[in-house]
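Because the structure is predicted, anything quoted here is derived from the model rather than measured. Note that the numbering runs from 1 along the sequence shown for the chain.
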Amino acid sequence: MKTITAFGYLHGYPPPAPSRMILDAQSIFNPYPIKSPYGKRSVILSNPVAQALIKRGVDALISIDVNDLWVGCFHGQDRSVIIADRIAEI
């Protein structure tokens with residue numbers, strides 16, 4: 001079974017595990033000031049760094065021995081959640 005988890009570095013790092021991969025979304029623009037959740041999603045998903053993270057996450061879950069994929073940003077509320085959501089959709 002494969003799992004995708006969004007987390008915030010502010011709350012701690014995920015525990016180590018042998019088949020876990022962590023994607024760091026902190027370098028993507030923080031959409032905190034945007035009020036609409038749909039606006040946040042479009043801003044994040046249009047970012048080339050986010051597109052690369054999504055591709056890397058999907059490729060890892062498909063082709064590499066990764067069972068747990070963790071996507072992290074500072075608070076774990078916007079960037080990591082949207083990217084983890086998008087990976088799960090694909």
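Side chains of Ile83 and Ile54 form a contact here, defined as non-hydrogen atoms less than 4.5 Å apart. Put simply, the side chain of Val71 does not reach to within 4.5 Å of the side chain of Leu53, judged on heavy atoms. Considering only heavy atoms from C-beta on, Ile44 stays 4.5 Å or farther from Arg86 through its side chain. No side-chain heavy atom of Thr5 sits under 4.5 Å from any side-chain heavy atom of Asp68.
Nearest approach of Arg79 to Ala25, heavy atoms of both residues: CD-O, 3.7 Å. Considering every non-hydrogen atom in both Lys40 and Ile34, the closest pair reads CE-O, 2.6 Å. For Val66 against Ala60, the heavy-atom pair with the smallest separation is CB-O, 3.8 Å. The two residues Asp65 and Ser19 come nearest to each other via the heavy atoms O-CB, 3.7 Å.
Taken together through direct or relayed side-chain contacts under 4.5 Å among Ile, Leu, Val, Met, Phe, Trp and Tyr, Ile90 and Val81 form parts of separate hydrophobic clusters. Criterion: ILVMFWY side-chain heavy atoms under 4.5 Å apart, direct or through other members. Under it, Leu61 and Met21 are part of a common hydrophobic cluster.
Annotation: the span from Leu23 atom CG to Cys73 atom SG amounts to 12.0 Å, rounded to 0.5 Å. For the atom pair Gln26 CD and Ser80 OG, the distance stands at 9.5 Å (nearest 0.5 Å). We find the CD1-CG distance between Ile82 and Asn47 to be 11.5 Å, quoted to the nearest 0.5 Å.
Clustering of Ile, Leu, Val, Met, Phe, Trp and Tyr side chains at separations under 4.5 Å places Trp70 together with Phe7, Tyr9, Tyr13, Ile22. Through direct or indirect side-chain contacts shorter than 4.5 Å among Ile, Leu, Val, Met, Phe, Trp and Tyr, Leu10 is connected to Phe74.
Under the ring pair (Phe, Tyr, Trp, His ring centres under 6.0 Å) criterion, no residue pair touches residues 25-57, with sequence neighbours excluded.
In Lys2, the NZ atom is crowded: over 12 heavy atoms of neighbouring residues, nucleotides or ligands sit closer than 6.0 Å.
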